[in-house]
Novice: 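Handing you a structure now.
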Amino acid sequence: MLDLKFVRSNLDSIRAMLKNRQYDLDVSRFEDLDQERRKRLTVLEELRHRRNHVTDKIAAMKKRGEDASAVISEMKEVSSSIKEREKELPRFVEELNELLMVIPNMPHESVVVGKDEEDNPVIRTWGEIGKMDFEPLPHWEIGENLGILDFARASRLAGSRFAIYRGLGARLERALINFMLDIHTKEHGYTEILPPFMVNSASMTGTGQLPKFEEDLFKIKGWDLYLIPTAEVPVTNIHREEILSGEELPVYYVAYTPCFRSEAGSYGKDTRGLIRQHQFNKVELVKFTRPEESYDELEKLTLNAEEILKRLELPYRMVSLCTGDLGFSAAKTYDLEVWLPGQNLYREISSCSNFEAFQARRAEIRFKGKGTRGTELVHTLNGSGLAVGRTVVAILENYQQADGSVVIPESLKSYMGGVDLISSVKNEK
RNA sequence: GGAGAGAUGGCCGAGUUGGCUGAAGGCGCUCGCCUGCUAAGCGAGUUAGGGGGGAAACUUCCUACGAGGGUUCGAAUCCCUCUCUCUCCGCCA
């Protein structure tokens, strides 16, 4: 959510921003709503002021034993007028709030104006795209051939967009989770969090999934609970409605969680394989920082995610999302895209964003500096470090051998209990 | 599921015969003083959100004692509903 006063005085740049983001949103109602709200608020506050004043007088009169009945009956009218106005005002506040809640964040000035992902500038590329002397297979074929991925039976259990991992496939997923968590906690200074995998609507609103994107979420019937689409939601909301002390910033959290997404509107897209599932695992990095440090922290956070790809020796590139591709709450986002030889393309494996104060304002996450008066909103950031299922995809496709087996990356071997190769024979064990 | 207790400021904790209590007291924190370090001591300050005025420092008003509603001229204090926390019993991984 943007700051009300900012919107009030920057309506034109808001309109330009919406256009750059390819948003079709009319903000012309804003000015009227805002003025009406303020007008009504002023009248109401004046009435309240009067009531407070006279009420004190009544107390004083009674204390002296005087008759206050005339003043009291006069106050009855004032009070009922206040009550009426108090009933009306929320309509305007809520309508204004609803409008404010669906306005996306202002992109950072460094974000390129563009239409869609085609316009995302590539910032850097890492690793050699190895030439294979055989025709590389897509990961779903590798996985099914090895018996480590089973999509057919998964659909029996839950339908499409689910997978069963088996044997060393399951082991590989688990190894990657531990590998990532260890690096981020031991080397990058993050505190490990294991949050609830379901959260209430206030949490979903805090990070921006609600009210605009409810159709992307799985809701628990009969409860005010949703399955989390990313650990960003529970972990960012840890400090919802809190005032942190300036000295404890920046706060770094890392969390492994499964993620649940309805993938509404993506019918027919990525129907094969692990790329787009209703449930997938992710290790997520979340930061709370001072405003002036958030862009440095975004660079560092992205490097932390890149480190995982480097250790696994997976070629990737980093792009900066243009205005048309930028997510609703983000001011700036770097995507890490891993090379997938089986599909001959780069595929998003991490998304690292600075939300500036956008989420903090919704979630009321503030901090108080030493010796300074008042509070300030923190900046929140997060990034995948990494999407685990897609990392499995990348390993299967990049480390596949001509005979259909898959070599385990060197740095991962210890996490695989010394296993260095997944072959159909070995997996039967 | 049954029976109780509770929810107050960054924290602890008063206040429940309704009326200068935005909230005693303490801790913490900030600034100053004092003491040749440290500790202790003294003085002052220290909730947040919003509206108006001001370039700003600041100032003024409104709101908030878990949330929502009610009673009343007036509610932290009385009534109702909800949420959450804790204790005991039952059930259960």
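Every chain is numbered from 1, with letters handed out A, B, ... down the list of sequences. Small disclaimer: the values here were computed from a predicted structure and weren't measured.
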Novice: Which pairs count as side-chain hydrogen bond (donor to acceptor under 3.5 Å, both in side chains) when at least one residue sits in residues 59-73 of chain A, sequence neighbours excluded?
Specialist: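 side-chain hydrogen bond (donor to acceptor under 3.5 Å, both in side chains) check on residues 59-73 of chain A returns A:R64-A:E66, A:D67-A:S69.
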
Novice: Going by number, which of residues 60-76 of chain A have a non-hydrogen atom under 4.0 Å from RNA chain B?
Specialist: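 Listed by number, they are A:K62, A:I72, A:M75, A:K76.
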
Novice: Going by side-chain hydrogen bond (donor to acceptor under 3.5 Å, both in side chains), name the residues that satisfy it together with A:E306, two or more places apart in sequence or in a different chain.
Specialist: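 side-chain hydrogen bond (donor to acceptor under 3.5 Å, both in side chains) list for A:E306, sorted by chain: A:R124, A:Y316.
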
Novice: Could you name each residue pair satisfying salt bridge (charged side-chain N to carboxylate O under 4.0 Å, His left out) that touches residues 24-38 of chain A, not counting sequence neighbours?
Specialist: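 Those involving residues 24-38 of chain A are A:R8-A:D34, A:R29-A:E95, A:D34-A:R37, A:D34-A:R38, A:E36-A:K39, A:E36-A:R40.
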
Novice: Taking side-chain hydrogen bond (donor to acceptor under 3.5 Å, both in side chains) as the definition, give me every residue that meets it alongside A:E192, ordered by chain and number, with sequence neighbours left out.
Specialist: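 With sequence neighbours excluded, A:E192 shows a side-chain hydrogen bond (donor to acceptor under 3.5 Å, both in side chains) to no residue whatsoever.
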
Novice: I'd like a list of close polar pairs between nucleotides 52-54 of chain B and the protein, N/O only, cut-off under 3.5 Å.
Specialist:
from: B:rG52; atom 1: OP1; to: A:R38; atom 2: NH1; distance (Å): 2.6

Novice: Just the atom pairs and distances: protein N or O near nucleotides 63-67 of chain B's N or O, under 3.5 Å.
Specialist:
from: B:rU63; atom 1: OP2; to: A:N52; atom 2: ND2; distance (Å): 3.2

Novice: List for me each residue that meets side-chain hydrogen bond (donor to acceptor under 3.5 Å, both in side chains) alongside A:E307, sequence neighbours excluded, and say none if there are none.
Specialist: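 Scan of A:E307 (side-chain hydrogen bond (donor to acceptor under 3.5 Å, both in side chains), adjacent residues dropped) gives A:R311.
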
Novice: Output every pair passing ring-ring contact (aromatic ring centres under 6.0 Å, His included) with a member in residues 178-199 of chain A, not counting sequence neighbours, ordered by first then second residue.
Specialist: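 For residues 178-199 of chain A: A:F179-A:Y415, A:H184-A:H188, A:H184-A:Y190, A:Y190-A:Y252.
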
Novice: Only pairs at least two apart or in different chains count here, so list each ring-ring contact (aromatic ring centres under 6.0 Å, His included) that has a residue in residues 229-249 of chain A.
Specialist: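 Output for this query lists A:H239-A:Y253, A:H239-A:F288.
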
Novice: Distances under 3.5 Å between protein N/O atoms and the N/O atoms of nucleotides 81-85 of chain B, please, pair by pair.
Specialist:
none

Novice: Within this structure, what is the CG-to-C1' distance between A:L41 and B:rC61, rounded to whole angstrom?
Specialist: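 Nearest whole value for this atom pair: 10 Å.
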
Novice: Among residues at least two apart in sequence or on other chains, which ones pass side-chain hydrogen bond (donor to acceptor under 3.5 Å, both in side chains) with A:Y334?
Specialist: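 With sequence neighbours excluded, A:Y334 shows a side-chain hydrogen bond (donor to acceptor under 3.5 Å, both in side chains) to A:E299, A:K332, given in chain and number order.
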
